[in-house]
Amino acid sequence: MMHAKQMVGRWGENVAAEYLKNRGYTIVARNRRTPYGELDLIASKGAELVFVEVKTRTNNAFGLPEEAINPAKAQHLLDSAQHFLLEYSPQEIDWRVDVIAIQGRPNGTDTQIEWFQNVLS
């Protein structure tokens, strides 16, 4: 059985995936585990691969969703992305790491989405 926090996280990932699809991206993988952590979404558009960390909050009691990306989390994202590229990409490709921050509740009406592109350049 899924806990409330997991349900909110899964909902946020679904919202983010739909958001990307509506902007012409293809979802390549979801919840891909690596030795360094999990990649929430991997999307592509044209020749570019995008590793997306999704952060979802139902309120601001613990800060904004994007504030959860601390230096250790950023390093895990980079390491995970590079591991994925070494394992699955036969050639050099363009890639970046994005964060999609979502505030709202499942079944709520005023979901707010902020997309931070190329956050680890």
Side-chain angles (χ1 to χ4, degrees):
M1 186 153 180
M2 202 179 292
H3 292 93
K5 186 176 176 180
Q6 292 171 309
M7 287 176 55
V8 169
R10 177 75 48 89
W11 168 77
E13 288 175 6
N14 290 336
V15 168
E18 198 59 35
Y19 183 84
L20 290 169
K21 287 180 195 175
N22 289 339
R23 281 150 185 78
Y25 286 79
T26 299
I27 303 302
V28 175
R30 293 179 72 146
N31 305 115
R32 182 57 60 100
R33 293 201 183 277
T34 76
Y36 305 100
E38 184 177 271
L39 295 162
D40 292 335
L41 298 173
I42 303 170
S44 67
K45 187 173 185 180
E48 187 171 45
L49 202 58
V50 183
F51 299 95
V52 182
E53 176 69 10
V54 180
K55 289 298 181 190
T56 307
R57 298 283 187 268
T58 57
N59 61 53
N60 289 336
F62 296 103
L64 297 172
E66 62 271 18
E67 293 173 343
I69 307 297
N70 59 31
K73 179 64 178 175
Q75 189 61 54
H76 287 294
L77 286 169
L78 270 179
D79 292 342
S80 295
Q82 290 170 340
H83 177 84
F84 180 89
L85 290 166
L86 285 172
E87 193 168 326
Y88 295 103
S89 180
Q91 76 270 356
E92 283 283 320
I93 61 170
D94 290 329
W95 62 278
R96 68 176 196 260
V97 177
D98 292 358
V99 172
I100 294 183
I102 299 172
Q103 293 186 67
R105 295 181 179 276
N107 303 321
T109 56
D110 68 346
T111 301
Q112 298 172 8
I113 301 169
E114 257 195 282
W115 184 9
F116 301 91
Q117 295 183 28
N118 206 23
V119 296
L120 300 177
S121 59

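These numbers were taken from a predicted model, which means no experiment stands behind them.
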First locate atom CG of L64, then atom CD of E114, and finally report the distance between them rounded to the nearest 0.5 Å. 8.0 Å

Is the shortest side-chain heavy-atom distance between M7 and P106 below 4.5 Å? no

Looking at A81 and L39, what are the two nearest heavy atoms and their distance? N-CD2, 4.1 Å

What's the separation between atom CZ in R105 and atom CG in N59, rounded to the nearest 0.5 Å? 6.0 Å

Drop me the distance from E53's CD to E38's CD, to the nearest 0.5 angstrom. 8.5 Å

Could you tell me which non-hydrogen atom of N60 sits nearest to which non-hydrogen atom of Q103, and how far apart they are? OD1-OE1, 2.6 Å

Heavy atoms of K73 and N70 approach each other most closely as N-OD1, 2.7 Å

To the nearest 0.5 Å, atom CZ of F84 lies from atom CZ of R32 at 5.0 Å

In a check of side chain to side chain contact (heavy atoms under 4.5 Å, CB included) between T56 and each of I102, T111, I113, which one passes? I102

V97-I27 co-clustered via ILVMFWY side chain contacts under 4.5 Å: no

Minimal heavy-atom distance between P65 and A101, with the atoms involved, is CB-CB, 3.7 Å

From V28, L41, D98, residue fulfilling side chain to side chain contact (heavy atoms under 4.5 Å, CB included) relative to V50: D98

Hydrophobic cluster membership, Y36 vs L120, 4.5 Å side-chain cutoff: no

What's the spacing between D40 CG and L77 CG if we round to 0.5 Å? 8.0 Å

Give a yes or no on whether the backbone of R23 and the side-chain of K45 come within a donor-acceptor separation of less than 3.5 Å. yes

Looking only at heavy atoms, what is the nearest atom pair of A47 and I93, with distance? O-CB, 4.2 Å

Can you tell if the side chain of N14 reaches within under 4.5 Å of the side chain of R30, non-hydrogen atoms only? yes

Aromatic ring centroids of W95 and Y88 under 6.0 Å? no

What closest approach, in Å, do L20 and A43 show between heavy atoms, and which atom pair accounts for it? CD1-CB, 4.2 Å

The test is side-chain contact (heavy atoms from CB on, under 4.5 Å); show your working for I69 and V119 and say whether it passes. CA-CA 10 Å; I69 307 297; V119 296; 5.8 Å; no

A side-chain contact here means heavy atoms from C-beta on lying under 4.5 Å apart; do E13 and N31 qualify? yes

Side-chain heavy atoms nearer than 4.5 Å, only ILVMFWY residues, links allowed to pass through others: does that put L49 and F116 together? yes

Hphob cluster co-occupancy, F51 + V99, side-chain heavy atoms under 4.5 angstrom: yes

Distance from I42 atom CD1 to L85 atom CG, nearest 0.5 Å? 8.5 Å

